[in-house]
Amino acid sequence: MSESTTAVLSEKREAAAKALREILDRMGIEAEVSAFDDGERIFLDAHGAESGLIIGKKGATLDALQYVVNRIVSKKPNDGPGVVVDAEGYRGRREDSLVDMANRLAEKAIKTGRPVPVEPMNPHDRRIVHVTLAEHPGVTTESDGEGLFRRVVIYPKDRPAAGV
């Protein structure tokens, strides 16, 4: 990575952390914000006594904060590295629980021979379910529905014959 790329990334990382600190301050939430990058994306982690408020229901507040911070630091879409906002490692735990749930529901679809709908979820969470089950030998997945009601449906590949 060139020095200019590193400098731009460092500058953007600081701007993103500053923006998140200011937003949380205006929300009346006391939290520490740490920032780091992997050369491709900037990661912000907020931690403090009120991290539950930062996360929100199923990460909805985190997603909103991430959207706003990205809009603040990137004037145009796909303008440099994206910013990922997390709190207390929530996103990693959420991904682990989605992987476990996807595998459990895949087994249910195989056992019952019927499609298993998953609760409606955001595009990022649906993608985790699709990717988790992409190589599963016994099921396929499809998204169904519109907007906030869009969900993944897990279908068994080999449905037993009717009446068996």
If two hydrophobic side chains count as joined below 4.5 Å and joins carry through other members, does [X] share a cluster with [Y]?
X      : Y      : value
Ile55  : Val84  : no
Met27  : Tyr90  : yes
Met101 : Ile110 : yes
Ile72  : Ile54  : yes
Ile154 : Val99  : yes

Taking NZ, NE, NH1 and NH2 as the nitrogens, is one of them in [X] or [Y] under 4.0 Å from a carboxylate oxygen of the other?
X     : Y      : value
Asp37 : Arg13  : yes
Arg94 : Asp125 : yes
Asp63 : Arg91  : yes

Flag side-chain contact, heavy atom, 4.5 Å: Met121 against Lys58: no
Test item: Leu133 and Asn103 side chains (from C-beta on) under 4.5 Å apart, heavy atoms: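 Yes, side chains in contact.
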Whether [X] side chain and [Y] backbone form a donor-acceptor pair below 3.5 Å:
X     : Y     : answer
Asn70 : Val83 : yes
Ser51 : His47 : no
Gln66 : Val85 : yes
Glu88 : Gly48 : yes

Flag for Thr141-His136: side-chain donor and acceptor within less than 3.5 Å: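 The answer is no; no qualifying pair exists.
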Listed partners of Lys111 passing side-chain contact (heavy atoms from CB on, under 4.5 Å), at least two apart: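 For Lys111 there are no side-chain contact (heavy atoms from CB on, under 4.5 Å) partners, ignoring immediate neighbours.
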Contacts of type side-chain contact (heavy atoms from CB on, under 4.5 Å), residue Val131, not counting sequence neighbours: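 Applying side-chain contact (heavy atoms from CB on, under 4.5 Å) to Val131 gives Arg127.
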Approximate separation, where rounding is to 0.5 Å, of Ile29 CD1 and Thr61 OG1: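 Going from CD1 on Ile29 over to OG1 on Thr61, the span is 8.0 Å.
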